[in-house]
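Read through the structure below, which is laid out as structure tokens, and then see the notes.
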Amino acid sequence: MLNTEVGAVLAVIRRPSDHSPGLLPSPSDPSSPLLQSLKSLRSLIFHCDWRSLDPSAYLSPFLAVVQSDDIPATATAVALSAVLKILKLDVFDERTPGARDAIHSVIFAVTNCRLERTDSASEDTVLMRVLQVLVTMMKARAAVLLTDHAVCTVVNTCFQVVQQSANRGDVLQRSARHAMHDLPPDSANDGAFSGSDVDDESIISGYGARCMVDIFHFLLSLLNVGEVVESADGLGSMNSDEDVQLFALVLINSAIELGGEGMGRHPKLLRMIQDDLFHHLIHYATRCSPLVLSMICSIVLNLYHFLRSSLRLQLEAFFTYVLLRIATGGNGVQLQEVAVESIVSFCQQPTFVVEMYVNYDCDPLRGNVFEEVGKLLCKTAFPGATPMSGMQVQAFEGLTAVVRTIADGTDLDDPPDKDDYNIEISEFKPFWLERNDSQDSPESWVEFVRMRKLKKKKIMIAANHYNRDEKKGLDFLKICHLVPSPPDAQSFAYFFRYTPGLDKTKIGDFLGDPDDFNIKVLKEFADTFEFSGVILDTALRTYLGTFRLPGESQKIQRILEAFSERFYEQQSSDIFVSKDAVFIICYSLIMLNTDQHSPQVKKKMTEEEFIRNNRAINGGNDLPREYLSELFHSIASHAITFVGQNGPTVVEMNSMLWSELIRRSRTVEPFILCDFKHKLSREVFVSISGPSVATLSAIFEQTDDEEILHECVEGLINIARIARYGLEDILDELLSCFCKFTTLLNPYATAEETLYVFSNEVKPRMATLAVFTIANKFGDSIRGAWKNMVDCLLKLKRLRLIPQSVIETDDIPYSETELSHLRSESGVIFPSSHQALSNSKQVSGLIGRFSQFLSLDTESDSMINVGSQFENNLKIIQQCRIGSIFRESSKLPDDSLQNLGRSLIFAAGGKGQKFSTSVEEEETVGFCWELLATITIANIHRLSSFWPQFHDCLTVVSQFPLFSPCPFAEKAIVSLFKIALKLFSSPPNQFGLDKHQPEDLFFKSINLIWKLDKEILDTCCETITESVTKIMIDFPDNIQTAMGWKTLFHLLSVTGRHPETFDQAVEAITKLMTEGTHITRHNYSYCIEAAFGFAALKISPLEISSRMLDLMADSVKLLVQWHKSGHSDPGSTSNSSISSSSSSQADDQPKSGSLAANLFVKLAEALRKTSLVRREEIRNQAVVQLRRCFDTAADELEFTPANCIACFNFVIFAMVDDLHEKMVEYSRRENSEKEMRSMEGTLREAMELLVSVFLKLLVPLAQSPGFRTFWLGVLRRMDTCMKAAAAEGDEVEAEGGPLQELVPELLKKMILEMKEKEILVQKEGDELWDVTNIQIQWIAPSLKDELFPEEF
């Protein structure tokens, strides 16, 4: 290779030049040093060890050619090519002897290349070779041996080439710029930050950070040459100087990209970035071309990525003074587009969102950067009347990126407890300058950030109060524990100093007030400023920029005295001997400011006058003339701006503000790097939730671009993910909007119009799919939006787009038969000439489902043309998986489930619904109740947590104006018993410790429903009977409440009266009473009442009625068993709620006596009522069974006198009276002699029963205090029967009837028994004897002599 290159160089040298022939020495001239050196190199090539040879030996001949004055440019170019090949082949490296000198000789030769005899084209070639050699050398292995000076020389040489190429060809210019771009990488990668600032010749480590500092300083200097040329349209255009500025920015960006985090480890370089670089970037960003602004934004983005931990205030300033300001559009549309694009780039950084929120929005001393960014994106992206522009689309992408980033920080598997967000400020803690260094503990750190943000919010509220009323504002601070109690001056001082938006005039008035506390606050206020190393006028400007100086001279004096004291304490030099000198010069500066900048002052003060006016103010001595002159020119050239009421509008970052920012950056809390997932997502999103939801909804409504629609849906899904953190109201708002976009809720559109729009537009179907997908995946975060979703579902039902039973079939593909049936049901005819849709690929994930939705398009036909429109609609509805929403509702929290149920109940009740036909109403109501039953069955294990609310809703529905119970009640009762079957088929322990409450309330709901329309007991008798019998036969153990038994027995007795249900009902009650194990004292009376109903039923066959009476009579054994065992029946283990419920059974019976005796009365009353039926056989059997019951009970139940009296009053006397009344009624009817005789026979049986029971219970009856009254009642009924028989005998036959014969006999039996037991005794003054004697004369005179002889 070297031999070839030497030959090439010699050939070019020997070639005569056309421009100056004869000037070169002859090639064979031995005196030519260049030729000699080249020839020597040729002889050395094949006789040396290259690795041990000094590189200068084979480099120096070529370098000599490069530096020669007499060599043509072509030879120089060939020599440079030879050097370039040597460097590229790495013939030597850093370990080769002499490598250091060789590499530096290359630098020296190339940077001092002589081009004396050349033309323009040849010079361009040489310059390109120079660039290539320098770039290759910096990438060579031996480059690590370069010194800092050498590296700087290389950079400077390349830049000189860049400058020279400005007036040359484009190829050279681009090559020069590319070379400059390639130089920093090796400088950064090969140990640029491994050196130190200390010179140490013993360290052979080549160049280090020092050269990088110099290069960076050089690049920064290039930024100062830019000027903006205003074009006619007001937009900045780039001139030649700005081209250099852009070039410098590109190089700076390249250096930062490759220097990375290592740049932050070098103090000098970091200070240059923090101060000079950022100052230049912010300064030029608002007054440059779009291209320059774009590069500035790229640099800041890279700085954020690598060095943000050291750039907290600088990044805030860049957003505040550059991006947010330009993005509002005040600097032109082109710059606005660049700013928005840059903001979007920031938002796409993984940690940008949470870090902006934590470092700025949660810091009381910083602005709400993230909130402003979010609002700006929403405002920019918000659509107008025209189609969305590119900038609007960009802003929308940024917004969705923000929402996606927040959602990605959540943990869907473990959402936090809502109580975590309920934080309050319980006590005052200093917080203005508070720091938290416990980032190793995420829980404590997150708690600190949340509390900090809460305090910042409270501070802003306090500022709002203070601006309207100072006292209210300060009181609010105390109430919220933002100041200690009693308040201290420092807390108020921090409030005035750091709270944005405060009325500056009121701050000044407060600080200037002579009150002792106000003076303390003023002192603390002044102490918040740091004036070390700050010149006086800058400190004064900073001080007066935080409030409006009052107009009263005494207030001004106090305020300036506080400033003077603080400045004097922190002055870095000994210029002032006392704070009084500072005070005097401050007053003088304020007066000078008025003099120089007030238009009313015609004659301006001169510098000499100012100096003369301030003589001997520094402890009797003059201040340095140079110092006063500097102050004068500063004030004269830049006025002190006194803020207005709400503070000045800062147009740009000036030098004073930047100097203050740099001073604060030295002490400010470092930028917090955040990676705390699922911790702050809720708080971050809340700050932008309102605008985000509004923008997302508006864009979805306005745009027709499918990609943007897809992004909107993705945003909706991400918001749903975030909503699990206690933001259900936000998701409700967004879902309500999307429900409107389905076009299903348009009240003014007909069904045909709605179906046409739904079938021919992508947006309604996409909105529908989105809404129900959210309901499936994030239903636990939905609350009020369930109403809108239920309305959409019902509209789909009316359009026949979902099957009759969506619960079972939504995940099953439709068959051709089903499709045909649904098409016919829809009432809309679609063309059938299209081919059917092919099966799409299975796509996982929510977003994938929408991608699948959009991918239904083919190359030639859009989705609305593939297959029939109706089939497409059905496929979309099938993807919605509507049934799973209800089947899997067990994952919903209580409040979400309650809202869903409430929506279904209200919809079934007709609220918000319009029905065109009664059939449509019936189908809709039935569908609602079917869904309600589904969610209730799915959540049957927690019935008590939501059914009370459902019951309240049923009550409310029943009170709707114009509410029609049909078909609501009919569909409801069917669904309720469907639920009841599930409820009672579930084991009791599934409901926890108490199943009684949900069961009791559920039966109240059933009773409420059937009472709305009692006819449903007839129309739904088969369903009700079947359900009731199944519950009573299969699950009697699970019926835990008296309300349950009462309702079941009542409904069984009512619905079982129909011929089609009679046998089933009788079978159920017969089995229940025959087994007897599930008859308890709590359901006994309801069972007897039901049995009586079937025994007395007209359609009941004689054998069934007889069987019922036998079972009723046999049940007295249960009463005896309970009485003997102390009521230890199966129901005795029930809780107090059952007992309290069952207490209502005895409304009409005495409260005294045992429970068994009271229940016996219920049984006896049922048999008594049976004795009044029309069929004689049943009447007589009822009396017989009643007598049988009394025979058993009298001996076993141990009736008390009160129980005995009750049995007669409620049962026997009532039966005799009713039978007598019936007999008299029949006697008065024509052709009713048979019925009368039949009733008379029953009455005889009843009278015999009366006497029989009387004799059995005579002893306890006689012990009753009311026995005399009771006995008169017995005699009165004997008399009544005799008179009835006598009246009958007059009409029918002269001789007495059977009843007349029976009564005296019965009466005689009773009196004899009473005498025998000495209850009726003939003695002086015995009232009972006298009354009986008198009554006998009226009832049966024939017995008087026998029973009551007149002699004693």
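Everything numeric here is computed off the predicted structure, so don't read it as measured data.
The one candidate from H1050, K1169, K1046 that meets the side chain to side chain donor-acceptor pair (under 3.5 Å) condition with E1089 is K1169. Tested against F1003 for a ring pair (Phe, Tyr, Trp, His ring centres under 6.0 Å), the candidates F984, F1049, F977 yield a single pass: F984.
With sequence neighbours left out, S945 forms a side-chain hydrogen bond (donor to acceptor under 3.5 Å, both in side chains) with D894. In this view, R1187 and D1191, E1248, L1249, S1252 satisfy the side chain to side chain contact (heavy atoms under 4.5 Å, CB included) rule, not counting sequence neighbours. In this view, F915 satisfies the ring-ring contact (aromatic ring centres under 6.0 Å, His included) rule with no residue, not counting sequence neighbours.
I905 CD1 to L932 CG: the interatomic distance, rounded to the nearest 0.5 Å, is 5.0 Å.
Counting only N and O atoms by type, the side chains of E999 and T1041 include a donor and acceptor under 3.5 Å apart. Inspection of the Q1181 and D1110 side chains reveals an N or O donor paired with an N or O acceptor under 3.5 Å.
A salt bridge is defined here as a Lys NZ or Arg NE, NH1 or NH2 lying under 4.0 Å from an Asp or Glu carboxylate O, and E1196 with K1124 meets this definition.
Relative ring orientation between F968 and F963 is described as perpendicular, the plane-to-plane angle rising above 60° on a 0-90° scale split at 30° and 60°. Under the 30°/60° scheme for interplanar angles, the aromatic rings of F1160 and F1199 are found to be tilted.
Other residues, nucleotides and ligands contribute only 12 or fewer heavy atoms inside 6.0 Å of the CD atom of E1221.
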